[in-house]
Amino acid sequence: MDRLLDEFFDLDVIADLFPGLVTEAMKNTLVFTVLGFSGGLALGLVLALMRISRTRWLRWPAATVVDVFRGLPALLVIVFIGFGVPIAFPGLEYPFRKYTPGCMALALVAGAYIAETVRAGIEGVPRGQMEAARSLGMRYRTAMRRVVLPQAFRLVIPPLTNELALLFKDTSLLAVLGTEAGGKEILKYVRDAVNRTGDTSPLVAGGLAYLVITLPLLRAVAVLEGRARASR
């Protein structure tokens, strides 16, 4: 028992992780999550609108992008963006390299899943809503923006919140990229601490740091899903 406590719950080792665990690791993890999710939401909305288009030249490319990035492991996308693209294009420098490759990779992966979620939400809005808006003289884009999309997003808030929680955990995959100074996310931060101290207690602290964020998010998903079921 004493060995277990020493290996996983050495309070002196855990205390040495602060304040960096909060001011650098958790902060960067949240930055990756927010930027990756924002990019994924924008990309997902565009892809969803292309997917429901009557023009096949819009539907087919969107379907291909969605299928490819849903079919690839997130880790492979991260490695491709972080290492593959700079090798393919020598001299290419990402602006804000500390965040850009990781956020781009997360946005691509999240965008593919969000596209299908938003498309399902749009298709879940009764067709009569669009027809009624058009009968009032609204153009298609205006009716979609003012009538259909607001209702669609209300329908998909629970799965989008769940996607946000999954994306937060996927930020741990960014540890493979290495980091610019001050750019460590939680896993990279605690893994470096394990290598430095030879103690596994930082992994426990890192796990708790993830749970501080993910448990409220998962609870929010449960509440939103309950409200959605009650409103039906």
> In Å and rounded to the nearest 0.5 Å, what is the CG to OG1 distance from L166 to T33?
Replying inline: 11.0 Å

> Hey, does the side chain of E116 reach the backbone of A112 with a donor-acceptor pair shorter than 3.5 angstrom?
Replying inline: no

> In terms of hydrophobic clustering (I, L, V, M, F, W, Y; side-chain heavy atoms under 4.5 Å; direct or indirect links), are V22 and I213 co-clustered?
Replying inline: yes

>> For the backbone of A132 and the side chain of S135, can you confirm whether one donor and one acceptor N or O come within less than 3.5 Å of each other?
In response: yes

>> Could you report the tightest heavy-atom contact between G111 and L43, atom names first, then the distance?
In response: CA-CD2, 4.1 Å

> Side-chain heavy atoms under 4.5 angstrom apart, residues restricted to Ile, Leu, Val, Met, Phe, Trp, Tyr: same cluster for V46 and V148?
Replying inline: no

> If every non-hydrogen atom of A63 is compared with every non-hydrogen atom of R51, which pair is closest and at what distance?
Replying inline: CB-NH1, 3.1 Å

> If every non-hydrogen atom of L21 is compared with every non-hydrogen atom of F18, which pair is closest and at what distance?
Replying inline: CD2-CZ, 3.8 Å

>> For residues I157 and L218: do they belong to one hydrophobic cluster (side chain heavy atoms under 4.5 Å, members Ile, Leu, Val, Met, Phe, Trp, Tyr)?
In response: no

>> Measuring from atom OG1 of T117 to atom CG of L155, what distance do you get when rounded to the nearest 0.5 angstrom?
In response: 12.0 Å

> Does the pair E93 and R97 meet the rule for a salt bridge (charged side-chain N to carboxylate O under 4.0 Å, His left out), with working shown?
Replying inline: CA-CA 8 Å; E93 290 288 341; R97 178 169 174 76; 6.0 Å; no

> Out of curiosity, K169 NZ to L211 CG, how far, rounded to the nearest 0.5 Å?
Replying inline: 9.5 Å

> Is the number of heavy atoms from other residues, nucleotides or ligands under 6.0 Å of F96 CZ greater than 12?
Replying inline: no

>> Quick one, F153 and L41 - any side-chain contact, counting heavy atoms below 4.5 Å?
In response: yes

> Is there side-chain contact between L187 and Y210, with heavy atoms separated by less than 4.5 Å?
Replying inline: yes

>> Starting from F37, can I reach V212 by hopping between I/L/V/M/F/W/Y residues whose side chains sit under 4.5 Å apart?
In response: yes

> When you look at K188 and E185, which way does the salt bridge (charged side-chain N to carboxylate O under 4.0 Å, His left out) test go after all the steps?
Replying inline: CA-CA 6 Å; K188 177 64 176 172; E185 39 68 51; over 6 Å; no

> Rounded to the nearest 0.5 Å, how far apart are CG of D16 and CG of D10?
Replying inline: 8.5 Å

> Is R127 salt-bridged to E131, cutoff N-O under 4.0 Å?
Replying inline: no

> Is D192 salt-bridged to R196, cutoff N-O under 4.0 Å?
Replying inline: no

>> Within the 3.5 Å criterion, strictly below it, is a donor on Y189 or N28 matched to an acceptor on the partner's side chain?
In response: no

>> As an exercise, state the distance from CD1 of I186 to CG of L203, rounded to the nearest 0.5 Å.
In response: 12.5 Å

> Which atoms form the tightest heavy-atom contact between T197 and P202, and what is the distance?
Replying inline: OG1-CG, 4.4 Å

> For the rings on F168 and F32, is their centre-to-centre separation under 6.0 Å?
Replying inline: no

>> Would you compute the distance between atom CG of L108 and atom CZ of F80 and round it to the nearest 0.5 angstrom?
In response: 9.5 Å

> Would a 4.5 Å heavy-atom cut-off, applied to side chains only, mark L174 and L106 as touching?
Replying inline: yes

>> Checking the side chain of T55 only, and the main-chain atoms of W57 only, is there a donor and an acceptor separated by less than 3.5 Å?
In response: no

>> Restricting to side chain to side chain contact (heavy atoms under 4.5 Å, CB included), what partner residues turn up for M104, sequence neighbours left out?
In response: I81, Y94, T100

> Of the non-hydrogen atoms in G44 and I114, which two are nearest, and what is the gap between them?
Replying inline: CA-CG2, 4.2 Å

>> For R59, is the CZ atom crowded, meaning more than 12 foreign heavy atoms sit under 6.0 Å from it?
In response: yes

>> For residues L47 and I52: do they belong to one hydrophobic cluster (side chain heavy atoms under 4.5 Å, members Ile, Leu, Val, Met, Phe, Trp, Tyr)?
In response: no

